[in-house]
Amino acid sequence: RPILNGLNLDIPAGRIAAIVGPNGAGKSTLVKLLCRFYDPLRGDVFINGINLRTAPLSEVRAQVTALFQEPVHYSATVAENIALSENSAPNPQIQTATDAACANNLIRRLPNGYETLLGTWFEGGTELSVGERQRIALARAFYQPSPILVLDEPTSAMDPWAEAEWLRGLRESAAGRTVLLITHRLTTAMAADIIFVIDEGRVIESGTHAALISAFGPYQKSWHFQPLSTPS
């Protein structure tokens, strides 16, 4: 069956957009199409007017960095996990990415800071919680210089306080980049410049958080039924 059916959306360059909707609506499929893991059977995906079907795969991958719901974690140092290269020494770029992921306090608490070996496969490694691993993965996403950043459920493992801290700094951290937030949490979506609500593979509503609340549509109903646990 078609996962996306008549989907039509335009994500403004340099802005933060959120995609929300129920399970099976097509949110994660959209991410995979943007990364060109596969092409749509019908229709096209464009970045800056260039059809991804016609662009070299290396160029597509250079344009988009994606953080997936279950990111890979490496039995390597913190710095190597962020920079994705061996023997990575802490540098200003890694520090900036750490700031963007609000992972500074976490790394300061580790036995050897950025040189701490993560995981328990090797002797002396340190295990992190799920939420802490998500922050390291977020730092890895921000470390990449691509102009488009796709974050699939980036706060799913964070507690409400950690999520609120990260959202407060997102706009500054992502300045100049196009950010696509895929999320079930409307408290995350409300930080976006524009929100697209999709269901059964198509956009059923779009607008700012305030506009969608005023529209008394599916978004507004979901907002009032969800548990609002993020502290102000």
Side-chain angles (χ1 to χ4, degrees), residues 11 15-32 34-35 64-73 78 81-82 94 96-110 118 127-144 146 148-175 177-198 206 208-210 212-213 218-220 222-232:
I11 300 171
R15 308 296 290 277
I16 300 174
I19 306 288
V20 302
N23 289 329
K27 301 187 298 297
S28 293
T29 298
L30 180 61
V31 175
K32 294 170 184 176
L34 280 171
C35 296
V64 181
T65 292
L67 170 68
F68 297 101
Q69 291 186 44
E70 298 181 4
V72 176
H73 305 287
V78 172
N81 264 271
I82 295 172
I94 291 179
T96 299
T98 302
D99 292 340
C102 294
N104 293 312
N105 291 335
L106 158 65
I107 294 172
R108 276 195 290 267
R109 292 196 301 268
L110 295 175
L118 298 183
E127 188 61 274
L128 300 180
S129 70
V130 176
E132 290 170 335
R133 290 200 303 267
Q134 188 170 53
R135 289 199 181 207
I136 298 299
L138 262 175
R140 181 162 65 238
F142 277 101
Y143 181 82
Q144 306 305 315
S146 58
I148 300 172
L149 190 58
V150 181
L151 306 177
D152 195 351
E153 299 290 0
T155 63
S156 59
M158 293 185 190
D159 60 51
W161 295 271
E163 180 191 30
E165 179 188 13
W166 180 72
L167 288 172
R168 280 194 294 268
L170 174 60
R171 192 165 300 278
E172 180 179 352
S173 301
R177 306 173 81 172
T178 303
V179 180
L180 184 60
L181 294 172
I182 313 292
T183 182
H184 283 99
R185 293 190 179 188
L186 301 189
T187 49
T188 301
M190 67 184 295
D193 298 305
I194 184 168
I195 301 167
F196 297 95
V197 184
I198 68 172
S206 64
T208 64
H209 171 76
L212 290 174
I213 291 294
Y219 182 91
Q220 189 262 0
S222 296
W223 175 260
H224 286 292
F225 279 113
Q226 74 161 357
L228 299 179
S229 57
T230 301
S232 58

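FYI, the numbering just counts along the sequence from 1. Note that this is a predicted model, so its numbers are computed, not measured.
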Under 3.5 Å donor-acceptor, Lys27 side chain and Gly21 backbone: yes
Set of side-chain hydrogen bond (donor to acceptor under 3.5 Å, both in side chains) partners for Gln220, sequence neighbours left out: His224
Side-chain donor-acceptor pair present, Glu163, Thr155, cut-off under 3.5 Å: yes
Pairing residues for Ala191 by the side-chain contact (heavy atoms from CB on, under 4.5 Å) criterion, not counting sequence neighbours: Leu167
All salt bridge (Lys or Arg N to Asp or Glu O under 4.0 Å) counterparts of Glu153, not counting sequence neighbours: none
Whether Thr183 side chain and Ala189 backbone form a donor-acceptor pair below 3.5 Å: no
Distance-only donor-acceptor check, side chains Ser156 and Gln69, under 3.5 Å: no
CG-CD1 distance between Leu181 and Ile16, expressed to the nearest 0.5 angstrom: 6.5 Å
Contact check, side chains of Phe142 and Thr96, non-hydrogen atoms, under 4.5 Å: no
Nearest-0.5 Å distance, CG of residue Leu212 to CD1 of residue Ile195: 5.5 Å
Smallest separation among heavy atoms of Ala141 and Leu151, with atom names: CB-CD2, 4.4 Å
Interatomic distance, Arg185 atom CZ to Met158 atom CE [nearest 0.5 angstrom]: 8.5 Å
Atom pair OG (Ser28) and CG (Leu30), whose distance is rounded to the nearest 0.5 Å: 9.0 Å
Arg133 side chain to His73 backbone, donor-acceptor under 3.5 Å: no
Flag side-chain contact, heavy atom, 4.5 Å: Val150 against Cys35: no
Any Gln134 side-chain heavy atom under 4.5 Å of Pro71 side chain: no
Distance, nearest 0.5 Å, that separates CD1 of Ile19 from CD1 of Ile198: 6.0 Å
Leu106 vs Val78 side-chain heavy atoms within contact, under 4.5 Å: no
Heavy-atom pair with the smallest gap, counting every atom of Trp223 and Thr187: CZ3-N, 4.1 Å
Distance-minimising heavy-atom pair for Ile182 and Pro154: O-CD, 3.9 Å
Worked check of side chain to side chain contact (heavy atoms under 4.5 Å, CB included) between Leu128 and Leu110: CA-CA 10 Å; Leu128 300 180; Leu110 295 175; 3.8 Å; yes
Rounded distance [0.5 Å steps], CG in Leu67 versus CD in Gln144: 11.5 Å
Flag side-chain contact, heavy atom, 4.5 Å: Ile148 against Leu34: no
Minimum-distance pair of heavy atoms, taken over all atoms of Asp159 and Ala162: OD1-N, 2.7 Å
Flag side-chain contact, heavy atom, 4.5 Å: Ser173 against Asp99: no
Qualifying residues under side-chain contact (heavy atoms from CB on, under 4.5 Å), relative to Asn23, sequence neighbours excluded: His184
Test side-chain contact (heavy atoms from CB on, under 4.5 Å) applied to Ile194 - qualifying residues, sequence neighbours left out: Pro12, Ala17, Phe196
Taking every non-hydrogen atom, the tightest pair across Arg171 and Asp193: NH1-OD1, 2.9 Å
By salt bridge (Lys or Arg N to Asp or Glu O under 4.0 Å) - contacts of Arg140 (at least two apart): none
Exceeds 12 heavy-atom contacts within 6.0 angstrom, atom CD of Glu172: no
